[in-house]
Protein chains: 2
Amino acid sequence: MTPRPAVPERQRDADRTRAEILEVAQREFARRGYAGARVDEIAESMRTTKRMIYYYFGSKEQLYIAVLEKAYAEVREAERLVDVEHLAPVEAIRTLAELTFDHHDAHREFITLVAIENIHRAEHIRKSEVLANLGTPVLDLIGRILAAGQARGDFVTEADAIDVHMMISAFCVFRVSNQHTFAALFDRDMTAPEHRSRLRRMVGEMTVAYLRGASTPS
Amino acid sequence: MTPRPAVPERQRDADRTRAEILEVAQREFARRGYAGARVDEIAESMRTTKRMIYYYFGSKEQLYIAVLEKAYAEVREAERLVDVEHLAPVEAIRTLAELTFDHHDAHREFITLVAIENIHRAEHIRKSEVLANLGTPVLDLIGRILAAGQARGDFVTEADAIDVHMMISAFCVFRVSNQHTFAALFDRDMTAPEHRSRLRRMVGEMTVAYLRGASTPS
DNA sequence: CGAGTAATTAACTATCTAGTTCGTAACAAC
DNA sequence: GTTGTTACGAACTAGATAGTTAATTACTCG
């Protein structure tokens, strides 16, 4: 039935075990928060023992930091692939906003990890050398789009790249990170399929409208 | 030196003790998260014992729910005082956005509590009857502003009140709730005084610009 | 094939933590 | 004062939890 592969499945496989721990740990941390996550629980949700977690990561905290590092690395990789340089400024910034929306929509667990990290005042991120130097290239991109748009006269509002990034992120992150309390208070699940495309268009419109400016009356 | 007051300070004062527990608990929960907060720690940070926490609140979870209820009640009270009805639609919505900004700026601990509650998928809010029926009147207000603005032709974009509220909240909440990771990545503290007034103007501009619309090119 | 190393397991421990027990002291009503 | 009730405190407990110890098994390489 199951033919033995040429290279037999190894019974002991450091890489695989390490990767599996990270995967399960990410889910557990995102589900319960840092303090709420249980090392025993992580171990039981897979085919290894708690000892392995300490063997590979040393402590609960170091495991958590490793989870953060991996999650941020994936996001960074996705950001690297964004290409809107060939578009006109208005469409470039709109597309960037919509791609950010898609990206956050597809990585909800990551958003939760970030929220957890904020509750702990980013103390773990600060402990990680990998993450501390994560100067995101998205700022350069936005900076170039803004400069081009202002040069062409498409953008009237004088905006700062970090501010614009914040505006877009706020919308996309909030929709995911605050979905539960928002639903409890307003009876609307912002992450439900029926709201998705409308909100996606909205973040693009919002950004473009803000940059076009001309919203200030005499 | 210290004259005895006509009504002497009571050595035992249920209301005062209860209130103090709630106060200290809010700080502790906001600081460490639900699971991270320690009942012993809460007790030690004040002039009463752990026994009283269980005497008045029954369990850690019920204490946490009571903290949430009090925090939401305060916010609701503040919202009740907002009066922008006498303003023209454009200025009304701008002012509402800026007041929301001020409000979130002044209640950062509340924002953290909401973030914590979202990590736990709002399970505690759902357990509270007080909070479940917190249909916020802010939606009515926004609805009236939008209708008036559209009737006068000031607002071109056809927007939904919940969506607009979400847009404003996203900006104001994100600035506070994600301040630490944002600062770690972009080296900018969004909550620092030097960014405050600029961002405050920004949320107003953004909202007005979006509603004015006319941002879609031919 | 034999020795050394990397990966893995099961059982253990010290500590921490939510929740309790039981007794007592202040207050109010009469 | 006496009595009943509300508010309070110190010490305790049962279970959970991060982290360890030490033995064992698979794999590698000469």
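In what follows, chains are A, B, ... by sequence order, proteins preceding strands, each numbered from 1.
A sub-4.0 Å separation between OP1 or OP2 of dC8(D) and a side-chain N or O of T17(B) is present. Taking 4.0 angstrom as the limit, Y56(B) places a side-chain polar atom (N or O) nearer than this to OP1 or OP2 of dC8(D).
Distance, E41(B) CD to dT15(C) C1': 16 Å, rounded to whole Å. In this structure, the CD atom of E28(A) is 11 Å from the P atom of dT17(D), given to the nearest Å. Atom CG of L63(A) and atom P of dT17(D) are 16 Å apart (whole Å). For the pair E61(A) CD and dT17(D) P, the interatomic distance rounds to 19 Å; values are reported in whole Å. Between the CZ atom of R47(B) and the C1' atom of dA7(D) there is a distance of 11 Å, given to the nearest Å. In this structure, R38(A) places its CZ atom 11 Å from C1' of dC16(C), rounding to the nearest Å. Note: CZ (R16(A)) to P (dT8(C)) measures 10 Å, nearest angstrom. Per the geometry, CD1 belonging to I53(B) stands 14 Å off C1' belonging to dT20(C), to the nearest Å.
F186(B) has its ring centre less than 6.0 Å from the ring centre of H165(A). F174(A) has its ring centre no less than 6.0 Å from the ring centre of F174(B).
M52(B) places none of its side-chain heavy atoms less than 4.5 Å from the side chain of F57(B). In this structure the side chain of I65(B) reaches within 4.5 angstrom of the side chain of E61(B), judged on heavy atoms.
Residue A37(A) is in sugar-phosphate contact alone, with no base atom involved, counting any heavy-atom pair closer than 4.0 Å across all strands shown. Base contact: R51(A) has a heavy atom under 4.0 Å from a base atom. Nucleic acid contact for F57(B): none, since no nucleic acid atom lies under 4.0 Å from a heavy atom of the residue.
Using cut-offs of 30° and 60° for the angle between ring planes, the H124(A) and Y34(A) rings count as tilted.
Looking at the side chain of T49(A), the nearest of the listed nucleotides dA10(D), dT9(C), dG19(D) is dT9(C). Out of dT17(D), dT8(C), dT17(C), the shortest distance to the side chain of D40(A) is found at dT17(D). Among the nucleotides dA7(D), dA18(D), dG9(D), the one closest to any side-chain atom of T48(B) is dG9(D). Closest to the side chain of M52(A), from the set dA18(C), dT9(C), dA7(D), is dT9(C).
Contact of K60(B) with dG19(C) (side chain to base): no donor-acceptor pair of N or O atoms is detected under 3.5 Å. Judged by atom type and distance alone, K50(B) reaches the base of dG19(C) through a side-chain donor-acceptor pair under 3.5 Å.
A residue-by-residue look at A35(B) and Y55(A) shows that Y55(A) has its nearest nucleotide of DNA chain C further toward the 5' end.
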